[in-house]
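So you know, we letter chains A, B, ... as the sequences are listed, proteins then strands, and number each from 1.
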Protein chains: 2
Amino acid sequence: MNGVDLKNRLSVPSSLRETIEARSQTRELVIGPDEHSPCLIGYDVSYFERIEARLEDEFASDFGPGRSLKSRSVFGATEHLKYDDNGRIILSPLMREMGEIGTQVLFMGLGHYFEIWSPEVFLAQEGQDPRVLKLVKALVAGRAQ
Amino acid sequence: MNGVDLKNRLSVPSSLRETIEARSQTRELVIGPDEHSPCLIGYDVSYFERIEARLEDEFASDFGPGRSLKSRSVFGATEHLKYDDNGRIILSPLMREMGEIGTQVLFMGLGHYFEIWSPEVFLAQEGQDPRVLKLVKALVAGRAQ
DNA sequence: TGAATACCCACGAAAGCCCATGCTATCCCT
DNA sequence: AGGGATAGCATGGGCTTTCGTGGGTATTCA
């Protein structure tokens, strides 16, 4: 669990940076609001470009105003962020608002992408896996990382 | 039976390391709380990459609520751990809590995965195989390896 | 010119790295 | 068969590096 400081800086966990750099050869990531949950969703650049391409294909073969358009609007609200020499990004107030992010932040790796949560918001969600809930509760209670 | 030391280090049995490296070509493993029993469950990383690939196939460019929930339950409570040159991992206090692990640890190979138990917790479980129980009792009593 | 961003250094804690020590199992030799 | 050397394993301790974080200073841009 990492903190957002007074300058809106946020350390990206080193393990996450490692996989990002392995996958996209950049010190850069893409984040945006999640469409369904009160959190942010993030990708490495190369994966994000693949998603964009797939949506582009869908859109090309479907001229109706459907799911594609909605998804595009979501992806349009993303930010490309480079992290600095200390591995920190600057989390804009807009992003913090959209992700309901306070002062503490939880990075959750989910395979090809990751989510950024306020721990408290996560605990208030319905239908999460009980093991994950227990783990996050322990984190919030301050028992180690 | 192996011990967790003051730095939370834990030796992974060399036989287990051998099969892990044979299966995934890495000195790395994945552990998480078991869904049904008070212990930890562990896999070699190739197992997890298969799960990841399945999720990717199943959902493709669909980032609906189903995908997130499933991904969180699969990835949210697990840790990827590299072991060092002496074959030791660091077992975080969090994982120890989730698996009810104290200072002594029992690795149990179960085919394509393995479990990590506190011996005492294991003995307190109902419905174990009597032969295994006898073996674990002997281990706890300090006889045999 | 003021605010936001980039760049730089510093510190405490955690994790990684290397070497040393028992201990056990195995081998080998006469 | 017995006994000594050998190698691998689990473990302990100390040193070094990295990580997350706070704070300062320069630079950019409207």
Side-chain angles (χ1 to χ4, degrees), chain A residues 1-22 26-29 31 42 79-97 101-109 114 116-119 138-140 142-145, chain B residues 1-22 26-31 42 79-97 101-109 114 116-119 135-136 138-145:
Chain A
M1 194 157 61
N2 295 345
V4 184
D5 71 12
L6 296 174
K7 294 166 152 183
N8 292 323
R9 292 180 299 188
L10 171 63
S11 286
V12 179
S14 69
S15 56
L16 183 55
R17 274 180 275 152
E18 208 173 305
T19 77
I20 284 172
E21 287 165 33
T26 62
R27 300 167 69 79
E28 194 177 350
L29 47 81
I31 63 172
E79 288 181 0
H80 290 243
L81 300 175
K82 284 192 247 295
Y83 45 83
D84 64 23
D85 290 348
N86 289 340
R88 289 186 282 200
I89 55 174
I90 291 185
L91 208 54
S92 70
L94 182 62
M95 276 296 154
R96 284 177 82 171
E97 189 186 331
I101 307 286
T103 167
Q104 286 295 103
V105 154
L106 203 59
F107 283 86
M108 195 170 292
F114 59 92
I116 304 176
W117 283 86
S118 156
L139 276 176
V140 170
R143 302 197 286 280
Q145 47 87 39
Chain B
M1 192 158 62
N2 296 344
V4 184
D5 71 13
L6 295 174
K7 293 162 128 182
N8 292 323
R9 293 181 297 189
L10 170 64
S11 286
V12 179
S14 69
S15 55
L16 182 55
R17 275 181 274 152
E18 210 171 303
T19 77
I20 284 172
E21 287 165 34
T26 62
R27 301 166 69 80
E28 196 175 337
L29 47 83
V30 181
I31 63 170
E79 287 183 359
H80 289 239
L81 301 175
K82 285 190 246 294
Y83 46 82
D84 63 23
D85 290 349
N86 289 340
R88 288 186 285 200
I89 56 173
I90 292 185
L91 203 56
S92 69
L94 218 48
M95 275 297 149
R96 285 174 81 172
E97 186 180 332
I101 307 285
T103 167
Q104 285 296 102
V105 154
L106 207 57
F107 282 85
M108 292 197 160
F114 59 93
I116 305 176
W117 283 87
S118 157
L135 197 88
V136 174
L139 281 174
V140 170
R143 307 188 295 273
Q145 29 75 22

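Contact detail for A:Ser11 and A:Asn2: the closest heavy-atom pair is O-ND2, 2.8 Å. Closest of all the heavy-atom pairs between B:Ser118 and B:Gly102 is CB-N, 4.3 Å.
Taking every side-chain heavy atom of B:Arg88 into account, C:dC18 is the closest of D:dG20, C:dC18, D:dG22. With C:dC17, D:dT21, D:dA10 as the choices, the nucleotide that has an atom nearest any side-chain atom of B:Pro13 turns out to be D:dA10. Minimum atom distance to the side chain of B:Ile90 is reached by C:dA15, of the listed D:dG14, D:dT21, C:dA15.
The residue A:Lys7 sits close to a base: some heavy atom pair falls under 4.0 Å. Backbone-only engagement by B:Ser14 is indicated by non-hydrogen atom pairs under 4.0 Å involving sugar-phosphate atoms exclusively. Nucleic acid contact class of A:Val12 (heavy atoms, under 4.0 Å, all strands): sugar-phosphate only. Residue contacts for A:Gly87: at a heavy-atom cut-off of 4.0 Å it reaches no nucleic acid atom on any strand shown. Within the nucleic acid shown, B:Asp85 comes within 4.0 Å of sugar-phosphate atoms alone, with no base atom in reach, counting heavy atoms only. B:Asp5 comes within 4.0 angstrom of sugar-phosphate atoms only, judged by non-hydrogen atoms across all strands, and of no base.
One interatomic measurement links the two molecules: CG of B:Asn2 to C1' of D:dT11, which rounds to 10 Å at whole-angstrom precision.
A sub-4.0 Å separation between OP1 or OP2 of D:dA10 and a side-chain N or O of B:Arg17 is present.
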